[in-house]
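Okay, structure first, notes after.
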Amino acid sequence: MVVKKIYDRLLKEYGYQGWWPLIGYDGVNVTKTGSINGYHPGEYDFPRNDDEKFEIICGALLTQNTSWVNVEKALINLKEAGLLGMREIAGGDIEKIKECIKPAGYYNQKGERLKILAEYFWGLGGRVPSRNELLMLKGVGPETADSILLYAYGVSSFVVDSYTRRIVEGLKLIEKGRSYGEIKRFFEAGLGKVGSGERGVGSGEVVDGGGGEKSIDFKIYQEFHALLARHAKRFYLGNKNGEGDFLREIVSV
DNA sequence: AACCAGGACGTGA
DNA sequence: TCACGTCATGGT
């Protein structure tokens, strides 16, 4: 119940966030970025092609412990070098790739891992991967796997990131130090059983949720995660540790 | 000028 | 399992 109330409150406060951010491209130049020109709020039919799908996958890897503005620079470099695609990364020069993604940091390991992803997803041929399959890839941990499932494939698998953790710990909804999976299940159970959705399916790890409740689709999951990120940037970024967070009033009932 | 950013991996208890 | 060091650039 608390979970749903938090979602409703955040949506009312911030509106649709339009994640996952995608770069705009007119065929020659990058025309827009998520951080500058906004995302695609209220639209959930993304990604619309393989290039957009792979861009999300790359972003999910590149943003590991890295701010999104730096990731955008890397993505733009790749795009303008004609390298932002499965075939291009898989067959591209590793040194050139590393040079492009330098702004996103950890460019040596991220470069190698981008190649692994490109080869893997190219070999998939459009099939939807399972969560465990993704976790076997070097460089793909729980958050990256869930981000790929949720935003690249429209699979209802809740994404937990450092923002999410800070909020639930700050609100004392979950004691500090709990595992990724526990926080993930907290939200998924709170939202109810995963069911309908035009794309993808449930993560396979979600159980019941109360029975007979209306099914939740991937759009809520996408929106919720984006809202939590937006909210955390406002109240939990840096050293400010949730001071003034209006969610406290909702929780303490 | 430290500190942090939309983590994950390898290692050693 | 779990804590800890490592990977790296850019913004505040």
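The figures that follow rest on heavy atoms only: side chains count, while hydrogens, waters and symmetry mates do not. So that the names make sense, note that chain A is the first sequence line, chain B the second, and so on, each numbered from 1.
To the nearest angstrom, P of dT12(C) lies 13 Å from NZ of K233(A). Put simply, CG on L137(A) is 15 Å from C1' on dG7(B), counting in whole angstrom units. Taking atom CD of residue E112(A) and atom P of nucleotide dA8(B), one finds them 18 Å apart after rounding to whole Å. Computed from coordinates, the L134(A) CG to dA8(B) C1' distance equals 14 Å when rounded to whole Å. Taking atom CZ on R165(A) and atom P on dA5(B), their separation rounds to 13 Å, with Å as the unit. The separation between W68(A) atom CH2 and dC4(B) atom C1' is 18 Å, rounded to whole Å. Rounded to an integer number of Å, the gap from CG of N65(A) to P of dC3(B) is 16 Å. When rounded to the nearest whole Å, the span between CG of L114(A) and C1' of dA8(B) equals 14 Å.
Formation of a donor-acceptor pair under 3.5 Å by the T63(A) side chain with backbone atoms of A60(A) is not found in this model. Of the possible donor and acceptor atoms, one in the side chain of T66(A) sits under 3.5 Å from a partner among the backbone N and O of A104(A). Put simply, the side chain of N29(A) never gets that close to the backbone of T31(A): no donor and acceptor are under 3.5 Å apart.
Contacts classified as side-chain hydrogen bond (donor to acceptor under 3.5 Å, both in side chains) and involving residues 228-238 of chain A (residues at least two apart or in different chains) are given here: E13(A)-R234(A), Y14(A)-H231(A), Y14(A)-R234(A), Q17(A)-R230(A), H231(A)-D245(A), Y236(A)-D245(A). Residue pairs that meet the side-chain hydrogen bond (donor to acceptor under 3.5 Å, both in side chains) test with at least one member in residues 111-129 of chain A, sequence neighbours left out, are K98(A)-E112(A), Q109(A)-R113(A), Y120(A)-E133(A), R127(A)-E133(A).
Using a 4.0 Å heavy-atom distance criterion, V140(A) is classed as a sugar-phosphate-only contact. Contacts of R166(A) with the nucleic acid, taken as non-hydrogen atoms under 4.0 Å apart, involve only primed sugar atoms and P, OP1 or OP2. Among the protein residues, L228(A) comes within range of no part of the nucleic acid, since none of its heavy atoms lies under 4.0 Å from any strand. If you check every strand for non-hydrogen atoms under 4.0 Å, T144(A) touches sugar and phosphate atoms only.
As rounded to the nearest Å, dC3(B) and dG5(C) have P atoms that lie 15 Å from one another.
For the pair K102(A) and Y107(A), the cation-pi criterion (under 6.0 Å, within 45° of the ring axis) is fulfilled.
At the phosphate of dT9(C), neither OP1 nor OP2 sits under 4.0 Å from any side-chain N or O atom of T66(A).
Shown for residues 96-111 of chain A: residues whose heavy atoms fall under 4.0 angstrom of DNA chain B, namely Y106(A).
Nearest-nucleotide positions on DNA chain B for N70(A) and G141(A) put N70(A) closer to the 5' end. Residues T63(A) and G139(A) each lie close to DNA chain B; by heavy-atom proximity, the contact nearer the 5' end of the strand is made by T63(A).
Within a 6.0 Å radius of OH in Y25(A), other residues, nucleotides and ligands contribute more than 12 heavy atoms.
When each of dA5(B), dG7(B), dG11(C) is scored by its nearest atom to the side-chain atoms of S67(A), the top-ranked nucleotide is dA5(B).
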